[in-house]
Amino acid sequence: MNKPNKFLMTVGSTVIGFAVVNVSQIVSASTLDEVVVTGSREGTEIRNTPATIHKVTEKELARDKPVFFGDVVNRVPGVYVNNLGAEQHMASFRQPINTQGVYLYLEDGVPVRPIGLFNHNQVYELNLTGISDIEIIKGPASSLYGSYAAGGLMNFLTKAPSPGFEAMLGGQLNNRGYKRLDFGLSGTSESGQHAYRLSGYGFDQRNGWAKHSDASKNAFTFRHDFDLGSRQTLKTVLTHTDLYSQMGGSITQTQWNNGQIGESPNTFTYRDVLATRLATTYESEWIDGGLTSVTGIYRSNTTNQVPSFYLVTDTRAFIPNACTNDATGAPSLVGTNGLTSSNSAGVKCGRTLDVAFETFGFDVRHRHQLGKEGSRVIVGAAFDKGSMTGREDRYTYSYIAGGPYTSKSSNIDTLRNYSTDFYNYGVYGQADIALKSDLLAVFGTRYDVVKYDYTRIGSYGVPSSSSTYTGFSPKVGMVYSPDKETNYYANLSTGFAPPEISTKYGGSTQGLTEKTTTLLKEVGLRKKLEDLPLFVDLSVYQLEMKNAVYSSSMSQTFNADSDHKGVELGLRSDISKQISIGFSAAFTDQKYTSAPRNNTAVNTSYLGKDVRYAPKQVANLFASYRPAADTQIVLESQYIGAYWMDEENTREYGGHMLWHARVTKVVGDLEYWLAFRDIGDHRHSEFSNYSFFANYYSPGAPRTILAGIRYNFGGK
């Protein structure tokens, strides 16, 4: 099934497009003077931030023009985001590679998704062309941002409008069937009151290296900045994305061993997503030393999909596939008995999964400066209210022995149908106290109330009910700066996340009900050595998780405690005006510290075992060379260490190292580039797991060559 792309314009198989960036003006921003906004919700020098916070700058994004955000954030020490195709992904920072709701993704400080509806893929609901910077906090940030910031966050900052008129048109394509068109338009009115920026892109993927991998996406962001006068401003950001992707699924151990990385077990699975967000922020400096902001938020989202490997099996005995709902639920359909993991000819059953939600919310915040030494207080309140609907319909499909899943039927009947109203109330505060000119203390806390009102529609599924969760998330940090080039910090912070709506209500009986809590202890050093020159970023941490959500190899979710320890190192050196190098590495030890809880079907204790999907090492090496002012050459390597594919720690993915390169050339107002991914054409897996008695692999793309061209109208 191919969904037509409504935006991308092509002539034959070639994309028309243009844009420009002067590579000679790109320099390192690795200094303690760098300004970040995420750690305090307002512009703050990184030297005054007692947390491991990193920034991918606008200049880096302009230089590298990533088609996938993982290509740039994976340079941050300890961060790994895999690429599952069509901007789908799973993240890992201070956590295993997972799909659980312990990360928060923001657009200009506004959560991309509301409480209870986490999606590990949700960055595909952003428009990367409209982003200027990406800020990353590793570890809990719940004291300011609430739930989902229990394990860390990424804040995607939109591009500000330009002071004068400028426009951009660009295009790129690769040798794997990918074509993309980018555009931008920006300017400011003569009065200076109104400034705007419209940016977006559309891509189309057809007949790629893997079977059943066609995809397309259209995305745009419109930002309007309105100067109201009297130190008052109004900023409005509207982002809309439309994504369609086929979902090929993982390959077997035999296919992996034989190098059949382009095979797909699926012929009918897909995901179709429409997402819209609107946020308007009013800011006023109505009192000296004070800044008050009020943000209104609206979100609308529909996701319709036929997920990969979504088998309906008899819960009384998972081995026979009788195509039943559950022991007390919908009637059985005619099926074929046999191991669910075997690919024997016959009829099996699956489920479609359709989810839609709409939310309204606001955030009110006030910051007030205290004296002249940098002390300040931030207080705020947030509210989010929404409703979602979830529906699962059954269908049957056929197996071809030793081959793919085929012949999907039309939907037969409704397996699950429900709605949930959800609410989130939060109040927060933070105080930055300058104890001395070189010593800053930061105290923060937040209190959240999360409520779910769940209604079952029909006869099957969890009975209607309501649940309320509360979270208290304090933090304390210290920053010591003995000189302008040295920065020591310590941080003790907590986080919490309630169970997901789908985890709690998506089954035949109520799922996991415990909230996840986290405690982070970390110390770090940021140091600029002028003589070398070298910028050093070092952190040591321990993250304790209580009632974290994990999944067994039989797809049974459970709660368990775990301990995550690690050392993270980042080095950056501008050796000369022509040469820059960077290196990042993380070494982790992640273990279960309790037996599984809240699922009697998981009867094996993993106490003391390594958490599966948790790489022991992650590293990145980056080098940039400018032989001339208009030419730049970039070489990069990405290393992912070994990790266990199962909880028993008996099956291991050995990890991999990939090499990438980019050459950029500027000719007048035109910029051309060639990008090479996986130069060595190394067979690698983006995600490897053990499920239902078998190993499965999600192969990464083979060697890919991408060519691009851009043109700027106006501006510099």
Side-chain angles (χ1 to χ4, degrees), residues 51-52 54 74-82 90-100 102-103 136-140 150-152 489-495 497 516-525 536-553 558-571 583-597 604-620 638-657 685 687-690:
T52 36
H54 297 269
N74 285 348
R75 298 171 190 156
V76 173
V79 172
Y80 174 60
V81 178
N82 63 13
M90 291 186 287
S92 167
F93 44 103
R94 299 185 176 179
Q95 301 282 310
I97 305 169
N98 64 53
T99 62
Q100 305 305 326
V102 291
Y103 300 129
I136 301 161
I137 293 179
K138 293 172 291 183
Y489 65 90
N491 179 27
L492 183 68
S493 59
T494 60
T516 298
T517 59
T518 59
L519 172 64
L520 173 70
K521 293 169 278 187
E522 68 178 337
V523 294
L525 163 69
V536 180
D537 190 335
L538 175 67
S539 61
V540 181
Y541 69 89
Q542 179 183 23
L543 178 65
E544 300 174 6
M545 303 192 70
K546 301 294 184 183
N547 289 316
V549 178
Y550 294 105
S551 178
S552 76
S553 60
F558 62 91
N559 291 124
D561 302 339
S562 55
D563 188 52
H564 309 254
K565 300 175 182 176
V567 178
E568 297 165 342
L569 173 66
L571 303 173
F583 174 75
S584 68
F587 307 89
T588 70
D589 181 32
Q590 307 185 52
K591 295 186 183 300
Y592 296 107
T593 55
S594 78
R597 293 192 294 268
T604 301
S605 177
Y606 308 130
L607 179 63
K609 299 283 189 181
D610 288 343
V611 176
R612 69 170 177 169
Y613 311 146
K616 289 288 188 181
Q617 307 92 20
V618 176
N620 181 280
Q638 180 73 49
Y639 172 72
I640 305 301
Y643 58 83
W644 297 111
M645 300 161 62
D646 64 336
E647 300 91 339
E648 289 80 11
N649 296 175
T650 61
R651 296 168 182 259
E652 186 179 52
Y653 175 66
H656 60 259
M657 176 180 284
S685 176
F687 182 64
S688 307
N689 72 304
Y690 176 70

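This one's a predicted model, so the numbers in the text were calculated from it and none came from an experiment.
- A donor-acceptor contact shorter than 3.5 Å is absent between the side chain of Asp561 and the backbone of Ser594.
- When all heavy atoms of Pro596 and Phe558 are compared, the closest pair comes out as CB-CD1, 3.5 Å.
- Of the possible polar contacts, none joining the Tyr541 side chain to the Gly524 backbone as a donor-acceptor pair under 3.5 Å is found.
- Using a distance-only test at 3.5 Å, with no hydrogens or angles considered, a donor-acceptor pair links the side chain of Asn82 to the main chain of Met90.
- A donor-acceptor pair under 3.5 Å is absent between the side-chain atoms of Thr518 and the main chain of Gly151, judged by distance alone.
- Nearest heavy-atom pair across Tyr690 and Arg612 is O-NH1, 3.3 Å.
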Practice problem: Kindly indicate, with the supporting measurements, whether the criterion side-chain contact (heavy atoms from CB on, under 4.5 Å) is fulfilled by Val567 and Leu538. | Solution: CA-CA 8 Å; Val567 178; Leu538 175 67; 4.0 Å; yes
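- Although no hydrogens or angles enter the test, the distance criterion places a donor-acceptor pair under 3.5 Å between the side chain of Thr516 and the main chain of Asn547.
- Closest non-hydrogen pair, His564 versus Pro96, comes out as CE1-CD, 4.0 Å.
- Side chain of Asn74 to backbone of Val81: a donor-acceptor contact under 3.5 angstrom is found.
- Separation of atoms OG1 (Thr494) and NZ (Lys546) is listed at 13.5 Å; rounding is to 0.5 Å.
- Ser562 and Tyr550 share a donor-acceptor pair across their side chains, judged by distance under 3.5 Å alone.
- Between Lys565 atom NZ and Thr588 atom OG1 the span is 12.0 Å, to the nearest 0.5 Å.
- Atom OH of Tyr653 sits about 12.5 Å away from atom CG of Asn689, to the nearest 0.5 Å.
- Under the side chain to side chain contact (heavy atoms under 4.5 Å, CB included) criterion, Gln617 pairs with Phe587, Tyr639, sequence neighbours left out.
- Between Pro140 and Leu543 the shortest side-chain heavy-atom distance falls below 4.5 Å.
- The nearest pair of heavy atoms linking Val79 to Phe93 is CG2-CB, 3.9 Å.
- Atoms OG and CE, on Ser685 and Met645 in that order, are 7.5 Å from each other to the nearest 0.5 Å.
- Closest heavy-atom contact between Tyr606 and Ser552: OH-CB, 4.3 Å.
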Quiz item: What's the verdict on side-chain contact (heavy atoms from CB on, under 4.5 Å) for Ser605 and Tyr592, showing C-alpha distance, side-chain angles and the deciding distance?
Solution: CA-CA 9 Å; Ser605 177; Tyr592 296 107; over 6 Å; no
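- Residues Ala585 and Pro77 come closest through the heavy atom pair O-CB, 4.2 Å.
- Taken from OG in Ser539 to OH in Tyr489, the straight-line distance is 4.5 Å, to the nearest 0.5 Å.
- Lys138 places a side-chain heavy atom less than 4.5 Å from the side chain of His54.
- Looking at residues two or more places apart in sequence or on another chain, you find a salt bridge (Lys or Arg N to Asp or Glu O under 4.0 Å) between Glu522 and Arg94.
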Exercise. Kindly determine whether Gln95 and Val611 satisfy side-chain contact (heavy atoms from CB on, under 4.5 Å), including the steps that lead there.
Key: CA-CA 9 Å; Gln95 301 282 310; Val611 176; over 6 Å; no
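- Centroid-to-centroid, the aromatic rings of Phe687 and Tyr613 come within less than 6.0 Å.
- In this structure, the side chain of Asp646 engages the main chain of Arg651 through a donor-acceptor pair within 3.5 Å.
- Put simply, the side chain of Gln542 never gets that close to the backbone of Asp563: no donor and acceptor are under 3.5 Å apart.
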Exercise. Could you give me the CA-CA distance, side-chain angles and deciding distance for Leu569 and Leu571, then say whether side-chain contact (heavy atoms from CB on, under 4.5 Å) is met?
Key: CA-CA 7 Å; Leu569 173 66; Leu571 303 173; 4.0 Å; yes
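- Residues satisfying the salt bridge (Lys or Arg N to Asp or Glu O under 4.0 Å) criterion with Asp589, sequence neighbours excluded, are Lys591, Lys616.
- The distance from the CD1 atom of Ile640 to the OH atom of Tyr80 is 4.5 Å, given to the nearest 0.5 Å.
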